[in-house]
Amino acid sequence: MLVVDDDSALREALRDLIDSSRLLRVVGAAGEPDAAARLAGEHAPRLAVVDTRMPNGGGTRAAREIRARSPGTTVVAFSAYDDPVAREEMRRAGAVRFVVKGDPRDDLLAVLEEFLR
């Protein structure tokens, strides 16, 4: 899976969380949309966790670019804010789920693992 967040500490925390799962493996991590698109094209991950608010077009641009380079990738939006506008924007960009960063960490793993079943 691909992790996309502009906060490097959070990217590493997500990588550690995901690597703790028996079902998931991180194939790449990016801090902005262009790098996310490049990695999606190289690795064609099954899943991508994408921060909704980032520089250079944000999560919506990242989600669109990931889906353009790797149409089979399922995008899950990950946000610090439970914002209905952001939810809708990410849905239109191709995200199929929206998880709030303050939710318990096991909730994110459960959401991600459900796409592998």
Side-chain angles (χ1 to χ4, degrees):
M1 78 169 294
L2 178 62
V3 174
V4 185
D5 198 298
D6 61 321
D7 181 326
S8 61
L10 186 54
R11 262 194 326 271
E12 287 308 308
L14 281 171
R15 181 187 291 271
D16 291 345
L17 173 65
I18 292 162
D19 285 343
S20 74
S21 167
R22 293 183 348 228
L23 301 175
L24 302 167
R25 182 175 62 91
V26 175
V27 296
E32 52 86 29
D34 291 332
R38 182 179 45 74
L39 287 169
E42 290 173 10
H43 298 286
R46 287 182 63 188
L47 291 167
V49 174
V50 178
D51 181 23
T52 59
R53 295 189 182 178
M54 293 183 291
N56 301 327
T60 55
R61 180 166 169 250
R64 281 190 202 99
E65 294 291 327
I66 289 166
R67 300 275 299 133
R69 301 266 183 106
S70 178
T73 299
T74 299
V75 175
V76 174
F78 195 51
S79 178
Y81 309 97
D82 191 3
D83 176 8
V85 173
R87 280 179 184 263
E88 180 59 21
E89 288 173 350
M90 288 299 289
R91 186 196 62 75
R92 284 190 306 233
V96 297
R97 291 290 295 271
F98 191 96
V99 178
V100 177
K101 290 180 180 177
D103 288 349
R105 58 182 253 149
D106 289 341
D107 289 356
L108 177 61
L109 279 180
V111 166
L112 296 173
E113 288 175 351
E114 84 181 39
F115 289 108
L116 301 179
R117 293 190 174 101

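- Atoms CG and CG, from L112 and L17 in turn, are 8.0 Å apart once rounded to the nearest 0.5 Å.
- In terms of modelled atom types and a separation under 3.5 Å, the side chain of R61 and the main chain of N56 share a donor-acceptor contact.
- Scanning both residues, T60 and M90, for their nearest heavy atoms gives N-SD, 3.5 Å.
- Between D7 and K101 no salt bridge is recorded (no basic side-chain N to carboxylate O distance below 4.0 Å).
- In this structure, CZ in R38 is found 10.0 Å from CG in L2, a value given to the nearest 0.5 Å.
- The two atoms that bring P33 and P55 nearest to each other are CD-O, 3.6 Å, heavy atoms only.
- The heavy-atom pair separating M54 from A62 by the smallest distance is CE-CB, 3.8 Å.
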Which donor-acceptor pairs under 3.5 Å do the side chains of residues 76-83 make with protein atoms, sequence neighbours left out?
{"unit_1": "S79", "atom_1": "OG", "unit_2": "T52", "atom_2": "OG1", "d": "3.1"}
{"unit_1": "S79", "atom_1": "OG", "unit_2": "Y81", "atom_2": "N", "d": "3.0"}
{"unit_1": "S79", "atom_1": "OG", "unit_2": "Y81", "atom_2": "O", "d": "2.9"}
{"unit_1": "D82", "atom_1": "OD1", "unit_2": "R87", "atom_2": "NE", "d": "2.8"}
{"unit_1": "D82", "atom_1": "OD1", "unit_2": "R87", "atom_2": "NH2", "d": "2.7"}
{"unit_1": "D83", "atom_1": "OD1", "unit_2": "V85", "atom_2": "N", "d": "3.0"}
{"unit_1": "D83", "atom_1": "OD2", "unit_2": "R53", "atom_2": "NH2", "d": "3.3"}

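- In this structure, L108 and L14 have side chains that are in contact, with non-hydrogen atoms separated by less than 4.5 Å.
- No side-chain heavy atom of V27 sits under 4.5 Å from any side-chain heavy atom of M1.
- Formation of a donor-acceptor pair under 3.5 Å by the R67 side chain with backbone atoms of P71 is found in this model.
- Of all non-hydrogen atoms in S70 and A40, the two that sit nearest each other are CB-O, 3.6 Å.
- One finds the OG1 atom of T73 at 11.0 Å from the NE2 atom of H43 (value rounded to the nearest 0.5 Å).
- Side-chain heavy atoms closer than 4.5 Å link hydrophobic residues (I, L, V, M, F, W, Y) into clusters, and following such links, possibly through other members, connects L23 to V111.
- Residue L24 is tested with V49, L47, D19 for a side-chain contact (heavy atoms from CB on, under 4.5 Å); the sole match is L47.
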TODO: Give the C-alpha distance, both sets of side-chain angles, the deciding distance and a yes or no for side-chain contact (heavy atoms from CB on, under 4.5 Å) between I66 and V4.
DONE: CA-CA 10 Å; I66 289 166; V4 185; 4.1 Å; yes
TODO: Go through T74 and R97 one step at a time and tell me if the side-chain contact (heavy atoms from CB on, under 4.5 Å) criterion holds.
DONE: CA-CA 9 Å; T74 299; R97 291 290 295 271; over 6 Å; no
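- Here the closest non-hydrogen pair linking V75 and G94 is CB-O, 4.1 Å.
- In this structure, A30 and L39 approach most closely via the heavy-atom pair CB-CD1, 4.0 Å.
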